[in-house]
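The next block holds one structure in the form of structure tokens; read it before the comments.
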2 protein chains.
Amino acid sequence: MTRALAGNLLQVPVPELADRFDEWQKFGFDAARCPVRNVLDHIGDKWTALILISLAKEGRRFSAVQRLIPDISKKMLTQTLRDLERDGLITRHVFPTKPPSVEYRLSPLGRSVLDPLAQLVFWAESRHGEIEDARRRFDASSPA
Amino acid sequence: MTRALAGNLLQVPVPELADRFDEWQKFGFDAARCPVRNVLDHIGDKWTALILISLAKEGRRFSAVQRLIPDISKKMLTQTLRDLERDGLITRHVFPTKPPSVEYRLSPLGRSVLDPLAQLVFWAESRHGEIEDARRRFDASSPA
DNA sequence: AAGATATGGTCTATAATAGAGACTATGTTC
DNA sequence: GAACATAGTCTCTATTATAGACCATATCTT
């Protein structure tokens with residue numbers, strides 16, 4: 001299908017979006033080269049978004065983040081924080097207290113993701129009820 | 001820290017966002033009750049966003065989606081499509097061809113997530129270079 | 001002075017999850 | 001008659017996540 005034709009088939013309220021999707025699909029969503037996958041594989045994992053949100057307001061220490069997200073394991077918290085640091089979304093600051101304390105802060109790059117992330121989260125909040133209804137309907141019509 | 005004080009400490013370019021984060025944190029990100037987690041745990045998994053994007057322009061059949069996302073296994077494709085159907089984001093249409101073909105389409109609810117999702121993806125695209133630079137710097141300074 | 005608590009992790013053993021690939025049934029194409 | 005396509009399911013294995021012990025040092029409690 002050509003790009004010119006595509007316009008007629010849009011179901012999408014964001015035309016530029018569908019065009020962009022077209023471009024991505026030409027790369028075949030190849031995991032290595034596709035920026036979408038390369039980045040979303042990270043911020044779309046189980047804990048990353050939650051950690052970014054935890055750091056939104058102010059820098060927080062390791063144990064403070066863990067208290068905010070009680071069911072994260074130390075291992076995953078460490079790992080996810082490292083990945084975020086590697087990607088340049090957060091910075092790590094060690095204070096020579098005894099025992100040493102470590103604070104994590106959003107970098108400007110990390111702060112810049114809060115806005116798009118918030119769009120998604122607001123969507124989640126506003127559609128949560130609809131989704132729960134859909135789930136109930138689905139579960140009622142296809143019993144275990 | 002009180003809500004009144006919080007305003008002075010904002011690092012966030014989206015004030016309402018930080019307030020909302022405050023609210024969520026009062027629920028302690030409890031996995032069961034928190035709408036954010038409840039929903040983001042799904043659309044933030046490895047394949048969901050990719051599948052939604054694949055269906056953005058037009059309905060597609062099982063095998064067509066699989067061709068667009070070559071490295072997804074049938075098992076995960078089936079499972080993710082089921083979850084999306086259960087959540088009411090896509091609909092499933094069976095055609096009595098031999099062998100039967102099945103087309104998946106975004107529902108209005110599903111279409112409504114494309115916009116916020118696109119914000120995030122555009123972010124990913126525009127920041128991809130910065131992130132790769134950060135990764136290189138990090139890997140150079142902390143060798144294996 | 002002993003014991004508990006806090007710090008930011010690491011390490012290991014186990015549990016949950018994802019992936020690879022065979023298999024299904026029927027029909028069309030070579 | 002063999003190969004291929006359809007949309008899955010099923011099983012086995014590989015990867016990943018979690019739970020929980022452990023570390024060294026210092027402060028607070030009793």
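On a predicted model such as this, the values are computed, not experimentally measured, just so you know. Just so it is clear: chains get the letters A, B, ... in the order the sequence lines come, proteins before strands, and each one is counted from 1.
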I want to check one thing: is the phosphate of [N], taken as OP1 and OP2, less than 4.0 Å away from some side-chain N or O of [X]?
X: B:Arg60; N: D:dA7; answer: no
X: A:Ser63; N: C:dT7; answer: yes
X: B:Trp47; N: C:dG19; answer: yes
X: B:Arg82; N: D:dA7; answer: no
X: B:Ser101; N: D:dT6; answer: no
X: B:Arg61; N: D:dA7; answer: yes

Consider only side-chain heavy atoms of I, L, V, M, F, W and Y, link residues closer than 4.5 Å, and tell whether B:Leu106 and B:Phe95 are in one cluster.
no
Please determine whether salt bridge (Lys or Arg N to Asp or Glu O under 4.0 Å) holds for the pair A:Arg136 and A:Asp139, giving the CA-CA distance in whole Å, both sets of side-chain angles, and the decisive distance to 0.1 Å.
CA-CA 5 Å; A:Arg136 269 190 294 273; A:Asp139 293 347; over 6 Å; no
Between B:Asp71 and A:Arg37, is there a side-chain N and carboxylate O pair less than 4.0 Å apart?
yes
Any ion pair linking A:Arg127 and A:Glu130 (charged N to carboxylate O, less than 4.0 Å)?
yes
Rounded to the Å, how far apart are [X] [atom1] and [N] [atom2]?
X: A:Phe95; N: C:dG8; atom1: CZ; atom2: C1'; result: 14 Å
X: A:Glu85; N: C:dG9; atom1: CD; atom2: C1'; result: 14 Å
X: B:Asp45; N: C:dG19; atom1: CG; atom2: C1'; result: 15 Å
X: A:Leu77; N: D:dA17; atom1: CG; atom2: P; result: 14 Å
X: A:Gln66; N: C:dT7; atom1: CD; atom2: C1'; result: 11 Å
X: A:Phe62; N: C:dG8; atom1: CZ; atom2: P; result: 7 Å
X: B:Asp83; N: C:dT17; atom1: CG; atom2: C1'; result: 13 Å
X: B:Ile69; N: C:dA18; atom1: CD1; atom2: P; result: 15 Å

Select one nucleotide: of C:dT7, D:dG8, D:dT18, the one nearest the side-chain heavy atoms of B:Thr78.
D:dG8
Choose from D:dT9, C:dG8, D:dT18 the nucleotide whose nearest atom is closest to any side-chain atom of A:Met76.
D:dT18
Please work out if B:Tyr104 contacts a base, only the sugar-phosphate, or nothing of the nucleic acid, heavy-atom cut-off 4.0 Å.
sugar-phosphate
Both B:Lys74 and B:Gln79 contact DNA chain C. Which one's nearest nucleotide lies toward the 5' end?
B:Gln79
In short, B:Leu117 meets A:Leu120 closest at the heavy-atom pair N-CD1, 3.8 Å
Nearest nucleotide by nearest heavy atom, which residue falls closer to the 5' end of DNA chain D, A:Lys98 or A:Lys46?
A:Lys46
Measure distances between side-chain N and O atoms of A:Lys75 and base N and O atoms of D:dT18, and say whether any donor-acceptor pair falls under 3.5 Å.
yes
